Amino acid sequence: MKLWEKKEDCCGCTACKSVCPTSAITMFRDGQGFWYPSIDQKKCIQCGMCRRVCQYIHEKGSIFLPPRQEGFPRFYAAKHKSPQVVKHSSSGGFFTAVSDHLLARGGVIYGAAFAGDFSVAHIRGTTAEQRDGMRGSKYVQSRVGDAFLGVREDLEQGRPVLFTGTPCQVRGLRHFLTARRVPADRLILCDFICHGTPSSRLWEDYLARLKGRYGPLEDVEFRNKDRGWNRTRMKIRVGDRILEESWEDNPFYRLFWAGVCLAPGCYRCQCCDLHRAGDLTMADFWGAGHTHPRIDQGQGASLVLVNTPKGEKLLRELAPALSLEEAKAEEFFQPNLARPTARPPRTDQFWEEYRREGFDFVLQKYSRLSLPQRLVKKVAAPLLKKAGLYEKTARLAAGRSHAYRRG
């Protein structure tokens, strides 16, 4: 049995590993820092379950996605009514509202959190404290581990479950549970609009670089909002220092937006459309300060896509915790709802030089600002930040812009 010929034919979601009846599949991390399945042929019984749940084999014709339903998705601008929740969230605090609702019902939450070494992994949580570790953006491919098996066990025990993750992780979980005929009436699936997942090995290299310069890391925030949502910064406590850098000043951010460090499967992602695997989809609602000023008052707003009747029912139940307004597709900027991030021409060169020359070399070479980015930073940035359009325009300058098309 063989699952993939090329690395772009896999997203590392772990559905195949989780569904295997003989535990013949394990996940390994390659030299670039991405996770892939490996099959022990001595244990494999050729049952074909791994191929049955693989989203890259089924692609758009997946037999496990819910059918498209008239009237969905519906779009909303949302913000948690607690200013403290919004402050500690990447956008408007929608994830906290959903997870609080599940916790109040005795539910279980699965999401990506920092481990003790600040690597990123999916964890299981049953308390608000554990949930808080799942809040906030983490621009790294997470280690899913046995999270799918944990979700299955919790559902079979009758517990409400919320699983949050990248679209491919959520789709993989749906495939796995459907193939195993696990009742999912108590399950809420929540994905987010994803630009692509950077290498976990590059992230670890970056952290090691900081540790070597300044000492042990104490805390990491990818998007700290102390200066407001339109001026979010990476904030790292390391040794006796606090390092704060905006996306255009932070070299790891610049690698991310350059697009060269994403998983190979991201460039042919099957999830970049409006047929979502999640009941709900979360994202930043850039520009909400103009179209929904009651929602975005400078500290962030969530874009919410309601994709299923289950998601619609849950949103109604969340209404007391949220400020909520219906939105239109033309109001927000989310190109990855239309197509995957384009593969930069220098990607192969980047990885070859990383292998040959090391992290510091590629960090210096590929994280330099382009001319359009430098112009945005020096000339237009002050006005754009004041208008709340800086993030959107910066991404346009990075060459990631595509016209949004519904459908």
Side-chain angles (χ1 to χ4, degrees), residues 1-30 32-41 43-45 47-59 62-65 108-113 115 119-125 134 138 140-156 161-182 184 187 189-192 194 196-201 203 262-266 268-271 277-278:
M1 186 67 64
K2 196 169 186 179
L3 280 171
W4 48 274
E5 296 287 344
K6 300 177 181 178
K7 290 182 176 179
E8 56 263 36
D9 296 332
C10 179
C11 63
C13 72
T14 76
C16 57
K17 168 186 176 292
S18 303
V19 82
C20 180
T22 62
S23 300
I25 300 177
T26 56
M27 303 296 293
F28 73 96
R29 193 170 72 156
D30 74 348
Q32 294 178 356
F34 301 111
W35 293 95
Y36 297 96
S38 176
I39 301 178
D40 183 341
Q41 300 298 334
K43 293 182 179 179
C44 179
I45 58 174
C47 67
M49 289 296 291
C50 55
R51 294 183 61 83
R52 186 166 183 245
V53 300
C54 179
Q55 58 191 282
Y56 276 71
I57 292 174
H58 289 291
E59 297 189 349
S62 171
I63 59 174
F64 297 125
L65 282 186
V108 181
I109 305 164
Y110 290 83
S119 61
V120 180
H122 263 69
I123 66 170
R124 178 183 185 272
M134 305 176 199
K138 300 167 186 73
V140 187
Q141 186 185 36
S142 68
R143 185 174 64 254
V144 179
D146 291 328
F148 286 12
L149 297 176
V151 170
R152 175 186 180 178
E153 183 177 351
D154 283 321
L155 289 173
E156 289 178 340
V161 175
L162 168 66
F163 182 92
T164 62
T166 63
C168 59
Q169 289 168 344
V170 169
R171 182 178 286 200
L173 177 58
R174 186 182 285 278
H175 284 206
F176 162 66
L177 294 175
T178 305
R180 283 297 181 206
R181 300 181 181 179
V182 178
L187 173 67
L189 292 172
C190 192
D191 62 20
F192 53 84
C194 182
T197 54
S199 159
S200 61
R201 193 175 295 278
W203 173 242
L262 305 183
C266 294
R268 55 159 300 201
C269 178
Q270 307 303 314
C271 307

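Predicted model only: the values in this text are computed from it and were never measured.
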Exercise for the section: Please examine the side chains of Tyr36 and Pro264, heavy atoms only from C-beta on, and report whether any two atoms are closer than 4.5 Å. Expected result: yes

Handout entry: Salt bridge Asp30-Arg201, side-chain N to carboxylate O under 4.0 Å
Key = no

Handout entry: Pairing residues for Tyr110 by the ring-ring contact (aromatic ring centres under 6.0 Å, His included) criterion, not counting sequence neighbours
Key = none

Completion exercise
Closest heavy-atom pair, Arg268 versus Gln270, reported as atoms and distance to 0.1 Å, is O-NE2, 2.7 Å

Handout entry: Approximate separation, where rounding is to 0.5 Å, of Gln141 CD and Phe34 CZ
Key = 6.5 Å

Problem - Any Thr26 side-chain heavy atom under 4.5 Å of Lys17 side chain - result: no

Problem - Closest contact, heavy atoms only, Gly172 versus Cys13 - result: CA-SG, 3.8 Å

Problem - Nearest-0.5 Å distance, CD1 of residue Ile25 to NZ of residue Lys43 - result: 11.0 Å

Exercise for the section: Without swapping roles, check the side chain of Gln55 against the backbone of Val53 for a donor-acceptor pair under 3.5 Å. Expected result: no

Completion exercise
Heavy-atom nearest pair, Leu262 first then Pro198, reads CD2-N, 3.9 Å

Handout entry: Closest approach of Leu189 to Arg174 (non-hydrogen atoms, all atoms of both residues)
Key = CD1-NH2, 3.6 Å

Practice task
Nearest 0.5 Å please: distance from the CG atom of Leu162 over to the CG atom of Asp154.
Solution key: 12.0 Å

Practice task
Check step by step if side chain to side chain contact (heavy atoms under 4.5 Å, CB included) holds for Arg152 and Leu177.
Solution key: CA-CA 7 Å; Arg152 175 186 180 178; Leu177 294 175; 4.1 Å; yes

Problem - Close side-chain approach of Pro21 to Cys47, heavy-atom, < 4.5 Å - result: yes

Handout entry: Check: Gln169 and Ser142 side chains under 4.5 Å, non-hydrogen atoms
Key = yes

Exercise for the section: Would you indicate whether the side-chain heavy atoms of Cys16 and His175 approach each other to under 4.5 Å? Expected result: no

Exercise for the section: Using a 4.5 Å cut-off on heavy atoms from C-beta on, say whether the side chain of Arg52 contacts that of Val19. Expected result: no

Practice task
Side-chain contact test, heavy atoms from C-beta onward, threshold under 4.5 Å: evaluate it for Phe176 versus Val182 and give yes or no.
Solution key: no

Handout entry: Heavy-atom side-chain proximity of Tyr56 to Cys11 below 4.5 angstrom
Key = yes

Exercise for the section: Evaluate side chain to side chain contact (heavy atoms under 4.5 Å, CB included) for Val144 paired with Met27, printing each intermediate quantity in order. Expected result: CA-CA 10 Å; Val144 179; Met27 303 296 293; over 6 Å; no

Problem - His122 side chain vs Asp146 backbone, donor-acceptor pair below 3.5 Å - result: no

Problem - Shortest non-hydrogen contact from Phe28 toward Ser38 - result: CD2-CB, 3.8 Å

Problem - Separation of Ile57 CD1 from Cys50 SG (nearest 0.5 Å) - result: 7.0 Å

Exercise for the section: I would like to know whether Met49 and Arg180 meet side chain to side chain contact (heavy atoms under 4.5 Å, CB included); could you show each step before the answer? Expected result: CA-CA 10 Å; Met49 289 296 291; Arg180 283 297 181 206; 4.1 Å; yes

Exercise for the section: Indicate whether any N or O donor in one side chain lies under 3.5 Å from an N or O acceptor in the other, for Ser200 and Arg29. Expected result: yes

Exercise for the section: Check side chain to side chain donor-acceptor pair (under 3.5 Å) between Thr14 and all other residues, then give those that pass, not counting sequence neighbours. Expected result: none

Practice task
Work out which heavy atom in Ser18 is nearest to a heavy atom in Phe148; give both atom names and the distance.
Solution key: OG-CB, 3.3 Å

